[in-house]
2 protein chains.
Amino acid sequence: MDTVPPRRRRAGREQLLAAALRLFLRDGIQATSLQDIANASGVTKAGLYYHYKTKDEIVLDVLKPLLDALPAVTRRAEAHRTHAAQVDEVLGGLIEIALDERAGFAVLVNDPYLTQLLSQQPSMRQWWDDTAALLLGPDPDDQTRIGLAMFINGLPGASRDPAMAPLDDRSRRSHLLECGRRLLRPATGT
Amino acid sequence: MDTVPPRRRRAGREQLLAAALRLFLRDGIQATSLQDIANASGVTKAGLYYHYKTKDEIVLDVLKPLLDALPAVTRRAEAHRTHAAQVDEVLGGLIEIALDERAGFAVLVNDPYLTQLLSQQPSMRQWWDDTAALLLGPDPDDQTRIGLAMFINGLPGASRDPAMAPLDDRSRRSHLLECGRRLLRPATGT
DNA sequence: GTCTATACAAGGATAGAC
DNA sequence: GTCTATCCTTGTATAGAC
């Protein structure tokens, strides 16, 4: 019948989400009020409530791309046959996400508010259990476990470190991947 | 003249600080209200204001041990003669601090509120510049810079990872030190 | 769909009694 | 030195006009 109209039905919503993520990254979720988001996005505070019922809904929608992307990485990795290939796929995927500012990976790992918000749904924890098992392989040693913890916790910070600024995207990826490979190597002696 | 009286003049204050740190670590600084601290420490909200004028003063006093300990590590390291010894001293010192829950290292690295609070005083940034220079040595390559960023950002999280729970303190230290050594090794090929 | 106005709760901070 | 009571500001959320 009719063609798809070119008007962007959700333009305001997208502006809103972009502004919110920027503020969440800079100031943290708690410190970002709805007033702040409203000011930064050009919508009024009450206007936010047309799109969302609560602040939590905004937070979850801001991080939706991230929450979808993480399981996708793991699913892709599971298709590989060798353990080494699986590890590289997961590391590469996580690095890709961490380097993408829009994903908000830094918010996810750091923010206590979000940790509590997500802990209510067990899907996130389930994802991490699966992914850690994939990365560590069967019967991992302590050194590897701790190396993984350092990688996942350090990745967001390292991705946003000043040392990254002068590098091109390919170098960033390869350096971060090298960090992951070093940390996940099983202990040799000791 | 008179002996030091055994009464603890600052017992209330210490309870207060311990409770505050516990809450800061669990919920973040922003999410911890003075009411929360009061409830957890047995003091009333107004009672806090006898000891401190503002919430920021409480935050800074909670982290005072940490803010003192970090420069001390660097000073100790500077006394060593070889670069390798300096690196091990700094890594060991940082790990020691990160493993000590009371130090609140996790709060320092993660919390945006604190980042902003500390950025007002340049001493912290100066300390990190000096310490990074010490760890990286002259003319560091990009891989080493990024490895350092991952170590310092990942250290608090790795220190509190579930994989740490079953280990004794000596094992924890040595595993974290191994992570640091791996990350700070200069790139070989590429 | 977006704004104005406002209700309601919570947080930081102060005054003053004890 | 610690508590009670209170003020002011900010934050989330809602009602209703346009």
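Letters A, B, ... are given to chains in the order of the sequence lines, protein chains preceding strands, and every chain is numbered from 1.
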Polar atom pairs (N or O), protein with nucleotides 11-18 of chain C, under 3.5 Å:
unit_1: dG12(C); atom_1: OP1; unit_2: Lys55(B); atom_2: NZ; d: 3.2
unit_1: dG12(C); atom_1: OP2; unit_2: Leu34(B); atom_2: N; d: 2.7
unit_1: dG12(C); atom_1: N7; unit_2: Lys45(B); atom_2: NZ; d: 3.2
unit_1: dA13(C); atom_1: OP2; unit_2: Tyr49(B); atom_2: OH; d: 3.1
unit_1: dA13(C); atom_1: OP2; unit_2: Lys55(B); atom_2: N; d: 3.1
unit_1: dA13(C); atom_1: O5'; unit_2: Tyr49(B); atom_2: OH; d: 3.4

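Proximity of His51(A) to the phosphate of dT2(C): a side-chain N or O atom is located under 4.0 Å from OP1 or OP2.
Distance Ile58(A) CD1 to dG11(D) P: 14 Å, rounded to the nearest Å. Here dA13(D) presents its C1' atom at 18 Å from OH of Tyr50(A), a figure rounded to the nearest Å. In this entry the distance linking CD1 of Ile37(A) with P of dG11(D) reads 11 Å, nearest Å. Rounded to a whole Å, the CD1 atom of Ile29(A) is 12 Å from the P atom of dT12(D). At whole-Å resolution of the value, OH in Tyr113(A) and C1' in dT12(D) are 10 Å apart. Leu48(A) places its CG atom 10 Å from the P atom of dT12(D), with the value rounded to the nearest Å. In this structure, Gln15(B) places its CD atom 14 Å from C1' of dG1(D), rounding to the nearest Å.
The NZ atom of Lys45(A) sits 10.0 Å away from the CG atom of Asp36(A) when rounded to the nearest 0.5 Å.
Checked by atom type and distance alone, the side chain of Asn153(A) pairs as donor or acceptor with a backbone atom of Ala149(A) at under 3.5 Å.
Side-chain contact between Leu25(A) and Arg160(A) is present, with at least one heavy-atom pair separated by less than 4.5 Å. Looking at heavy atoms from C-beta onward, Leu17(B) lies out of side-chain contact with Lys64(B) at the 4.5 angstrom threshold.
Scanning for side chain to side chain donor-acceptor pair (under 3.5 Å) contacts around Arg182(A) gives Glu178(A), with sequence neighbours left out.
At most 12 heavy atoms of other shown residues, nucleotides or ligands fall within 6.0 angstrom of atom CD in Gln116(A).
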